K.L.:
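Here's a structure for you.
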Amino acid sequence: MLDKVLFQIGSFEVTVLVVVLVALLIVLLVAAMAFRQNYIIQVRLSRLMDAESAKHNHEGFVTLLRKRKKKILKNSRQVSPAIVIFSLDNLGGVYVGYKNQRLLMRTISDVFTEGLKKQEFVTRIDFSKFGLIVTDRNREELKEFILKCIERLNEIEFPNYGYYTFDVTCAVYEAVPLENPKDEVALAIQTLKYAVVKDGNIYYYSQDVLDKVNKLEEINASKESAMEEGCIIPYVQPKVDFKTGKVVGGEVLVRWINDDGSIKYFPDEFVPLFESNGYIRQIDLKMFEAACIILQNAKNTGHDIVVSTNFSKLTLNSLRKIDQLLEITTKYGVNPSSIEIEITESEFVSTNQAFTASILRLRQAGFRIAMDDFGKDYSSLSLLTENRFDTIKVDKFFFENSLATDKEKNIAKNIINLLSSVGCKICLEGIETLTCLDYLATVNRQVLLQGYYFSKPIPEVKFEQFLDTIF
Ligand code: C2E
Ligand code: CA
Ligand code: CA
């Protein structure tokens, strides 16, 4: 049968068939390639887009700035372009249901789009931050534009929600050269944190921001070598028993020193950075060991003291087992009950399971726990009914002004009286003057005192000499 058919088809027809088949194959091939190319473009594009707001994301912002650099600069005839970052700090507070989330983000991002000129555009660089490039607007004009955006934000009536008042902080990086958009966007974001030049809630980029960022990078890059070379060391601040005037312990506070022993960085300069990148765990463990060494030396000279050390949330949360701590106490022949671990009140307030479990393990092993900075941030008096700490350290904020006014005196008195009923030790921090001390003597002497009046934090060797002092 097939033979017959083939016999009937001439060579011309065969050629035509082959040509048609080949053409079909080519068309299919081209279509497949185009489809693939389109797919690649889509994937690339989606990497640069924020699906909720349908605007470019952080990477998309940088890419667009690179791509449109010439046009943006050309459009900035009188004034160089500026990067503007709007940070909606309480954005998480609006909840309109997950189905309306896209609409919410589109409505918000449209607020920034209104009034934009050619070559200006808006992007969403993370959950709560929107990034804009603006051209040819001087500081006054830009301020007007920013305030208008904030005004419009607060006029939105959200479906199923109503009106909302946004906490907006705005960073402005003026005269941005667009030479390296990736770094420039990063610096504009850092301006939200480190700006020195501020006009209300509008923060302006200046050299200070770059200096601060460079300093943090330098700190970060040199942390390991500083640790190895012994430049990260403990200082100790004595704690005095108000009743007896004796030094009964001390708090270990980390210092970063230069080779000549002078202070290079105070903890406020590096602790927050190391809390964000995890290195604080190494520091906390090092200071914990330092506390053990101090206790061992004190024991050798016949002093029975309690030494405290600070643990960040991160250190606590990663304390799956406390064997490592117990190995250190055993190494130095220290009883865990001589060590107090200071944890800030705010950590107690925002508890999570890992935190609670770590506190429990530490206490079961015999370590003391102190709630640090009581009253400094948002306080939760319900914590006082709990039984998770042995000491409460009242924050230095209350004594900053040496209890100069009746109001301050009354607040201090009532806090101390309140805490006395909790049944744990009380330590008052930041005692700087005799005036302050005189008043506190009339309130309650069953407390520990710590502050510059007695001593600033001092090197370990000096602290050991302090142990026989009676105030
Ligand atoms: P903190 O734990 O509340 O430590 C008390 C801070 O108050 C210390 O600052 C101390 O020098 C200062 N201070 C003490 N007495 C007075 C006073 O009479 N007046 C005033 N104005 N200040 C006083 P420092 O050493 O700079 O430490 C700052 C913070 O850094 C500490 O606050 C603590 O939160 C953190 N930190 C220090 N060392 C460590 C550490 O090893 N690990 C962790 N995680 N954090 C640490
Ligand atoms: Ca502390
Ligand atoms: Ca404190």
Side-chain angles (χ1 to χ4, degrees), residues 219 223 226-227 231-240 247 249-257 263-294 306-319 325 339-348 355 358 368-377 379 389-403 425-437 440 448-460 462-463 466 471:
I219 288 177
K223 60 185 187 299
M227 195 72 125
C231 293
I232 294 180
I233 60 153
Y235 263 41
V236 196
Q237 187 174 34
K239 289 184 188 177
V240 175
V247 175
E251 175 180 2
V252 171
L253 292 154
V254 64
R255 293 289 182 269
W256 184 321
I257 56 165
I263 308 267
K264 188 167 184 186
Y265 304 120
F266 280 92
D268 289 349
E269 293 175 271
F270 59 86
V271 166
L273 170 72
F274 293 159
E275 278 176 337
S276 66
N277 67 15
Y279 197 66
I280 195 67
R281 282 180 288 228
Q282 273 90 318
I283 303 260
D284 285 349
L285 280 183
K286 174 100 180 162
M287 293 305 116
F288 177 86
E289 183 163 9
C292 291
I293 296 171
I294 294 165
V306 172
V307 174
S308 68
T309 181
N310 295 279
F311 268 15
S312 282
K313 181 169 135 187
L314 211 77
T315 310
L316 271 170
N317 287 350
S318 53
L319 261 187
L325 299 184
I339 295 193
E340 189 160 76
I341 293 172
E342 298 193 8
I343 302 154
T344 56
E345 187 193 13
S346 49
E347 305 306 343
F348 280 93
F355 174 88
S358 295
R368 300 172 56 85
I369 301 288
M371 183 159 78
D372 201 2
D373 300 348
F374 178 80
K376 184 183 172 197
D377 297 317
S379 282
F389 39 82
D390 307 273
T391 304
I392 298 180
K393 297 191 77 183
V394 180
D395 192 63
K396 54 181 179 284
F397 162 82
F398 296 101
F399 313 105
E400 237 164 32
N401 201 19
S402 292
L403 303 177
K425 275 202 170 163
I426 303 169
C427 177
L428 310 180
E429 291 189 287
I431 307 302
E432 290 186 3
T433 61
L434 188 58
T435 331
C436 190
L437 213 57
L440 291 172
L448 298 184
L449 303 168
Q450 185 182 349
Y452 293 169
Y453 176 78
F454 304 102
S455 166
K456 287 197 166 184
I458 43 179
E460 213 174 316
K462 279 198 181 158
F463 173 73
F466 238 93
F471 288 95

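Note that the structure is predicted; figures quoted are calculated from it, not measured. Each ligand, and each atom within it, is numbered from 1 in the order the structure gives. Side-chain atoms are counted along with the backbone in the values below, which use heavy atoms only and exclude waters and symmetry mates. All residue numbers in this chain count up from 1 along the given sequence.
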K.L.:
Assess whether ring-ring contact (aromatic ring centres under 6.0 Å, His included) is satisfied between Phe389 and Phe348, documenting all intermediate values.
P.N.:
CA-CA 10 Å; Phe389 39 82; Phe348 280 93; 5.7 Å; yes
K.L.:
Glu340 and salt bridge (charged side-chain N to carboxylate O under 4.0 Å, His left out): which single residue from Arg368, Lys393, Lys425 fits?
P.N.:
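Answer to the salt bridge (charged side-chain N to carboxylate O under 4.0 Å, His left out) test with Glu340 among Arg368, Lys393, Lys425: Arg368.
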K.L.:
Taking atom 33 (C) of ligand 1 as the point of reference, which of Leu316, Asn310, Ile431 owns the nearest heavy atom?
P.N.:
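Nearest option to atom 33 (C) of ligand 1, by heavy atoms: Asn310.
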K.L.:
The Ca ion (ligand 3) as vertex, arms to OE1 of Glu429 and OD1 of Asp372: angle to 10°?
P.N.:
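Value, to the nearest 10 degrees: 90°.
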K.L.:
Using a 4.0 Å cut-off to any heavy atom of Ser312, which atoms of ligand 1 qualify?
P.N.:
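Matching atoms, with element in brackets: 44 (N).
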K.L.:
Can we say Lys396 and Glu429 salt-bridge, meaning some charged N sits less than 4.0 Å from an Asp/Glu carboxylate O?
P.N.:
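Salt bridge flag = no for Glu429 with Lys396.
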K.L.:
Taking only heavy atoms of Gly451 into account, list the atoms of ligand 1 that are under 4.0 Å away from them.
P.N.:
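Per the distance check, 15 (N), 18 (O).
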K.L.:
From the N, O or S atoms in Glu251, identify the one nearest to the Ca ion (ligand 2).
P.N.:
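It is OE2 of Glu251.
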K.L.:
Applying a 4.0 Å heavy-atom criterion (strictly less than), which segment of Ile280 is in contact with ligand 1: side chain, backbone, both, or neither?
P.N.:
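Answer for Ile280: side chain.
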K.L.:
Which is it for Arg255 and ligand 1 at heavy atoms under 4.0 Å: side chain, backbone, both or neither?
P.N.:
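Side chain only; the backbone of Arg255 stays clear of ligand 1.
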K.L.:
Given Tyr453, Tyr452, Phe454, identify the one with the heavy atom nearest to atom 22 (N) of ligand 1.
P.N.:
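The option holding the nearest heavy atom is Tyr452.
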K.L.:
Suppose we only count N/O/S atoms under 3.0 Å; would Ser308 qualify as near the Ca ion (ligand 2)?
P.N.:
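It does not: Ser308 brings no N, O or S atom closer than 3.0 Å to the Ca ion (ligand 2).
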K.L.:
State the atom name: nearest N, O or S atom of Asp373 to the Ca ion (ligand 3).
P.N.:
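Per the distance ranking, Asp373 contributes OD1 as its closest N/O/S atom to the Ca ion (ligand 3).
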K.L.:
Do any nitrogen or oxygen atoms of Glu275 come within less than 3.5 Å of a nitrogen or oxygen of ligand 1?
P.N.:
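No: no nitrogen or oxygen of Glu275 is under 3.5 Å from one in ligand 1.
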K.L.:
Using protein heavy atoms only, decide if any is under 4.0 Å from atom 19 (N) of ligand 1.
P.N.:
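Neighbour list for atom 19 (N) of ligand 1 includes protein heavy atoms (cut-off 4.0 Å).
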K.L.:
Do Val254 and ligand 1 have an N or O pair less than 3.5 Å apart?
P.N.:
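Among all N and O atoms of Val254, at least one is under 3.5 Å from an N or O of ligand 1.
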K.L.:
Determine whether the side chains of Thr435 and Ser402 contain a donor N or O and an acceptor N or O closer than 3.5 Å.
P.N.:
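No - no donor-acceptor pair under 3.5 Å links their side chains.
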K.L.:
Below 4.0 Å, non-hydrogen atoms only: which portion of Asp372 touches ligand 1? Side chain, backbone, both or neither.
P.N.:
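Answer for Asp372: side chain.
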K.L.:
For ligand 1, is there an N or O atom under 3.5 Å from any N or O atom of Glu342?
P.N.:
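Not met; the criterion fails.
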K.L.:
Would you mind finding which of Glu251, Met287, Lys396 brings a heavy atom closest to atom 7 (O) of ligand 1?
P.N.:
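Result: the heavy atom closest to atom 7 (O) of ligand 1 is in Lys396.
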K.L.:
Just jot down the ligand 1 atoms closer than 4.0 angstrom to any heavy atom of Gln237, in number order.
P.N.:
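This gives 14 (C), 15 (N) as the contact atoms.
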K.L.:
Any atoms of ligand 1 less than 4.0 Å from a non-hydrogen atom of Pro457? List them with their elements.
P.N.:
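Going through ligand 1 atom by atom, the ones under 4.0 Å from Pro457 are 11 (O).
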K.L.:
Give a yes/no verdict on whether any heavy atom in Lys286 is under 4.0 Å from an atom of ligand 1.
P.N.:
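Contact check Lys286 vs ligand 1: negative.
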K.L.:
With a 3.5 Å cut-off and no angle check, do the side chains of Ser308 and Lys239 form a donor-acceptor pair?
P.N.:
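Indeed, the side chains of Ser308 and Lys239 share at least one donor-acceptor pair under 3.5 Å.
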K.L.:
What atoms of ligand 1 come closer than 4.0 angstrom to any heavy atom of Asp284?
P.N.:
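This gives 40 (C), 41 (O), 42 (N), 43 (C), 44 (N) as the contact atoms.
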K.L.:
By atom name, which N, O or S atom of Glu342 is the nearest to the Ca ion (ligand 2)?
P.N.:
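Atom name returned: OE1.
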K.L.:
Purely on distance, is any nitrogen or oxygen of Gln450 under 3.5 Å from one on ligand 1?
P.N.:
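Among all N and O atoms of Gln450, none is under 3.5 Å from an N or O of ligand 1.
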K.L.:
So between Asp268, Thr309, Ile263, whose heavy atom ends up nearest atom 28 (C) of ligand 1?
P.N.:
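Heavy atom nearest to atom 28 (C) of ligand 1 belongs to Asp268.
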